[in-house]
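First comes the structure, then the notes that go with it.
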Amino acid sequence: MLNKYARAFFTKVFTPVAKLFLKMGISPDVVTIIGTLGVCFGALAFYPRHEFLIGTLVITAFVFSDTIDGVMARMSGRSSVWGAYLDSTLDRVGDAAIFGALVLYYAGDQGHNMLLAGLALACLIFGSVVSYAKARAEGLGMTANVGIAERAERLVVVLVATGLCGWFLRPWETWIMGVVLGLLALASFITVLQRMLTVRQQALGKAL
């Protein structure tokens with residue numbers, strides 16, 4: 001849902017940036033790779049040390065590369081199967097780095113909360129399966145464009161929560177992150193089921 005309403009807005013916002021990068025001779029693939037490296041650095045360098053605010057700011061600075069590279073590809077006529085594959089694959093890497101970094105913090109001596117570590121791990125696992133369920137369906141000639149927790153929603157929620165907890169809501173961090181990670185894990189699980197049921201209906205329909 002967020003993808004549908006926000007994509008047009010952010011495309012307009014980042015079009016000047018995309019034009020500038022193209023004039024500088026930067027390719028969309030380079031933007032994709034640098035953006036992913038920036039997200040991974042922001043998450044893995046700061047979240048395990050409980051520096052949630054600075055980590056979230058760094059991640060946010062790079063996460064929009066996912067929009068910029070797409071705008072660049074369309075403007076330059078470089079949209080390709082390879083570009084789509086690279087973008088989708090590295091998205092999974094960035095997402096895993098964010099939730100994996102939270103697992104490292106909460107499972108470590110500083111965070112020391114195995115419940116939150118487990119919830120963050122569940123978000124990582126189910127989030128990956130959400131993406132795989134759609135990709136696998138498309139590989140089999142079907143669609144699975146359903147679900148209450150797509151990538152954009154999951155990223156926005158977790159980044160807002162970690163940013164606020166690192167800024168001025170730190171006294172309530174355990175409760176806030178517990179609720180947020182729990183709801184994200186549940187929503188991701190439901191999304192996996194929705195996509196599986198959607199594909200099952202299509203598969204049964206083809207079999208008739």
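- The CG atom of L169 lies 11.5 Å from the OG1 atom of T162; values are rounded to the nearest 0.5 Å.
- Taking both residues in full, the closest heavy atoms of R154 and V130 are given as NH1-CG1, 3.7 Å, listed atom of the first, atom of the second, then distance.
- If you chain together hydrophobic residues whose side chains sit under 4.5 Å apart, L124 and I59 fall into the same group.
- Side-chain contact between I98 and V39 is present, with at least one heavy-atom pair separated by less than 4.5 Å.
- Cluster annotation: M72 is connected to V30 through the hydrophobic network of ILVMFWY side chains, with a link wherever side-chain heavy atoms come within less than 4.5 Å.
- Exactly one of Y47, F99, F52 qualifies for a ring-ring contact (aromatic ring centres under 6.0 Å, His included) with Y105. That residue is F52.
- Using modelled atom types, one side-chain atom of R195 and one backbone atom of A144 make a donor-acceptor pair closer than 3.5 Å.
- No side-chain heavy atom of I176 sits less than 4.5 Å from a side-chain heavy atom of L164.
- The heavy-atom pair separating L159 from T56 by the smallest distance is O-CG2, 3.3 Å.
- With contacts defined as side-chain heavy-atom distances shorter than 4.5 Å, the pair Q202/L140 does not qualify.
- For the pair S65 (side chain) and F62 (backbone), a donor-acceptor distance under 3.5 Å is present.
- Both L20 and I34 are part of a single hydrophobic cluster, where members link through side-chain heavy atoms under 4.5 Å apart.
- In this structure, A185 and C123 approach most closely via the heavy-atom pair N-SG, 3.6 Å.
- In this structure the side chain of L22 never reaches within 4.5 angstrom of the side chain of K19, judged on heavy atoms.
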**Item:** L184 vs E153, side chain to side chain contact (heavy atoms under 4.5 Å, CB included): CA-CA, chis, key distance, verdict
**Value:** CA-CA 9 Å; L184 281 178; E153 286 86 352; over 6 Å; no
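- Side-chain contact between V129 and K134 is absent, with no heavy-atom pair separated by less than 4.5 Å.
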**Prompt:** Yes or no on side chain to side chain contact (heavy atoms under 4.5 Å, CB included) for D29 and D69, after CA distance, side-chain angles and deciding distance?
**Reply:** CA-CA 7 Å; D29 289 351; D69 60 7; over 6 Å; no
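- Closest of all the heavy-atom pairs between I68 and F21 is CG2-CD1, 4.0 Å.
- By the criterion of side-chain heavy atoms lying less than 4.5 angstrom apart, applied directly or through intervening Ile, Leu, Val, Met, Phe, Trp or Tyr residues, L181 is grouped together with V160 in one hydrophobic cluster.
- Nearest heavy atoms, L121 versus V103: N-CG2, 3.5 Å.
- You'll find the side chain of D66 reaches within 4.5 Å of the side chain of R151, heavy atoms only.
- You'll find the side chain of S188 stays beyond 4.5 Å of the side chain of T191, heavy atoms only.
- Distance check: I54 CD1 to R49 CZ gives 10.0 Å after rounding to the nearest 0.5 Å.
- With values rounded to the nearest 0.5 angstrom, L53 atom CG is found 10.5 Å from F168 atom CZ.
- L102 has its side chain within reach of V158: a pair of non-hydrogen atoms, C-beta onward, lies under 4.5 Å apart.
- Linking ILVMFWY residues whenever their side-chain heavy atoms come closer than 4.5 Å, directly or via other members, places W172 and L119 in the same cluster.
- Atoms CG and CH2, on L57 and W167 in that order, are 9.5 Å from each other to the nearest 0.5 Å.
- Nearest heavy-atom pair, C165 versus E173, reported as atom, atom and distance to 0.1 Å: SG-CA, 3.9 Å.
- Once rounded to the nearest 0.5 Å, the distance linking CH2 of W175 with CG of L116 reads 10.5 Å.
- Note that the OG1 atom of T32 and the CG atom of L90 stand 7.0 Å from one another [nearest 0.5 Å].
- Using modelled atom types and a 3.5 Å distance limit, the side chains of R92 and S88 yield a donor-acceptor pair.
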